[in-house]
Every structure is written in structure tokens, then in C-alpha cells.
Amino acid sequence: MNDIDLSPELYVEFSRGGGSDSGSIYHVTRHKGGGQVSAHVARFFITDARIPAEGVFPHKRLDCFVVDKRLVPKPERLAGILFEALKKHGAIGEPAWLEWYVAKGLGGKPYGEVLDFD
């Protein structure tokens, strides 16, 4: 499973494996001429709750980090839509803990050869 459409404007690129699943959510703006522009609006991770706390049943976690609040004004709504879509595709089930965040990238830098401008 690579792509899941959440709505006409939102789609998911999804990767599975290695004990945690993850993906990115993109907002699509379509042009009349047939082209489109995709903007990265969120990232998510599905993990097992590995440390059993007292009073907590074994469950999965879905953490959704919204990075563009302008295009996603209600992060809790996007997280809920994402959960239902992933559930429909068998990527997560109940019981699960869903949590959403608003995140801001503060910077970054490459280590080694990351960028190819040739």
C-alpha cells in the first residue's frame, strides 16, 4: 500500500515495515490545465505501545504531526480521517490511541551526500 486518498484534496504516501509504519500527508491543488501541486502538510507514525503501564491494555498508537496549519486548520479532524482510512486498509485497528500535534520544522542539514544538483 503506497497511496491512500483521504479526500479530493488530501492523499497519503505510506510505508510499512520494521516494527513501525509511517507516512506523509499531502494537500493537492489542481490546475485547470491538468497540472497539480502537492504540499506536504503532515507526517504520521504507527507504533506499538511497548511499555505496558498499569491500567492500559495492549494497543497501537497513531501520532499525526501537522506541519501546515494554514492548509490543515483542524488537526484533530485530519487525524480522525487518517485513522479511519488506515483502519479501512488494515494498517491499524482497535484498540488504538490517536494523538495529533502541530509541529514546526526549525531547520536541518545534510550529513554525507544527500542532495544531487547535477
Side-chain angles (χ1 to χ4, degrees):
M1 168 184 357
N2 288 339
D3 294 331
I4 300 171
D5 290 326
L6 299 179
S7 73
E9 296 85 26
L10 295 166
Y11 73 93
V12 170
E13 286 185 352
F14 184 52
S15 298
R16 298 189 79 172
S20 74
D21 303 333
S22 63
S24 292
I25 303 172
Y26 294 89
H27 181 275
V28 178
T29 303
R30 291 181 175 77
H31 301 289
K32 291 179 183 177
Q36 67 183 36
V37 175
S38 296
H40 182 246
V41 296
R43 182 173 304 280
F44 66 90
F45 303 91
I46 301 171
T47 57
D48 291 322
R50 293 177 44 181
I51 301 172
E54 185 176 326
V56 177
F57 292 110
H59 64 281
K60 294 278 191 184
R61 284 188 62 103
L62 173 56
D63 294 287
C64 181
F65 297 84
V66 171
V67 297
D68 191 333
K69 192 105 181 343
R70 182 181 58 82
L71 292 173
V72 182
K74 295 183 179 178
E76 66 279 7
R77 185 169 181 273
L78 175 63
I81 291 169
L82 174 64
F83 178 82
E84 292 301 329
L86 292 172
K87 185 177 170 184
K88 179 181 174 185
H89 285 85
I92 195 168
E94 295 181 20
W97 178 261
L98 171 61
E99 194 157 337
W100 51 90
Y101 311 81
V102 175
K104 179 180 178 183
L106 299 176
K109 69 178 191 175
Y111 284 84
E113 291 188 45
V114 175
L115 306 174
D116 182 6
F117 293 117
D118 292 332

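Small disclaimer: the values here were computed from a predicted structure and weren't measured. Quick note: residue numbers are just sequence positions, from 1.
Contact check for Ser38 versus Tyr11: side-chain heavy atoms found under the 4.5 Å cut-off. At least one side-chain heavy atom of Val102 sits under 4.5 Å from a side-chain heavy atom of Lys69. Phe44 is not listed as a side-chain neighbour of Asp21, based on a closest heavy-atom distance of 4.5 Å or more.
Arg43 contributes atom CZ, which lies 10.0 Å from atom CD of Glu13 (distance to the nearest 0.5 angstrom). Summarising the geometry, atom CG belonging to Leu62 is positioned 5.0 Å from atom CG belonging to Leu82; distances are rounded to the nearest 0.5 Å. Residue Cys64 holds its SG atom at 10.5 Å from CD of Glu76, rounded to the nearest 0.5 Å. To the nearest 0.5 Å, atoms CD (Glu84) and NE2 (His89) are separated by 12.5 Å. Here the CD1-CG distance, from Ile25 to Leu78, works out to 4.0 Å after rounding to the nearest 0.5 Å.
Under 4.0 Å is where a charged nitrogen must lie from a carboxylate oxygen, and between Lys87 and Glu94 at least one such pair does.
Taking both residues in full, the closest heavy atoms of Ser22 and Phe45 are given as CB-CD2, 3.6 Å, listed atom of the first, atom of the second, then distance. In terms of heavy atoms, Val37 sits closest to His31 at CG2-NE2, 3.4 Å. When all heavy atoms of Ala91 and Arg16 are compared, the closest pair comes out as CA-NH2, 3.6 Å. Nearest heavy-atom pair, Val66 versus Ala42, reported as atom, atom and distance to 0.1 Å: CA-CB, 4.0 Å. A pairwise comparison of heavy atoms in Ala39 and Leu71 identifies CB-CD1, 4.0 Å as the closest pair. Contact detail for Tyr101 and Asp63: the closest heavy-atom pair is OH-OD1, 2.9 Å.
A search for side chain to side chain contact (heavy atoms under 4.5 Å, CB included) contacts involving Thr47 returns Ser20, Arg61, not counting sequence neighbours.
Atom CZ of Arg30 has more than 12 heavy atoms from other residues, nucleotides or ligands within 6.0 Å.
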- request: Might you work through the side chain to side chain contact (heavy atoms under 4.5 Å, CB included) test for Ile46 and Leu86, ending with a clear yes or no?
  value: CA-CA 10 Å; Ile46 301 171; Leu86 292 172; 3.8 Å; yes

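Both Leu10 and Val12 are assigned to one and the same hydrophobic cluster, defined by single-linkage of ILVMFWY side chains at heavy-atom distances under 4.5 Å. Residues Phe14 and Trp100 are members of one and the same hydrophobic cluster, defined by side-chain heavy-atom contacts under 4.5 angstrom among Ile, Leu, Val, Met, Phe, Trp and Tyr. Leu98 and Ile4 fall within a single hydrophobic cluster, where Ile, Leu, Val, Met, Phe, Trp and Tyr side chains are chained together by heavy-atom contacts under 4.5 Å. Leu6 and Val72 fall within the same hydrophobic cluster, defined by Ile, Leu, Val, Met, Phe, Trp and Tyr side-chain heavy atoms under 4.5 Å apart, directly or through other members.
Of the possible polar contacts, one joining the Asp68 side chain to the Arg70 backbone as a donor-acceptor pair under 3.5 Å is found.
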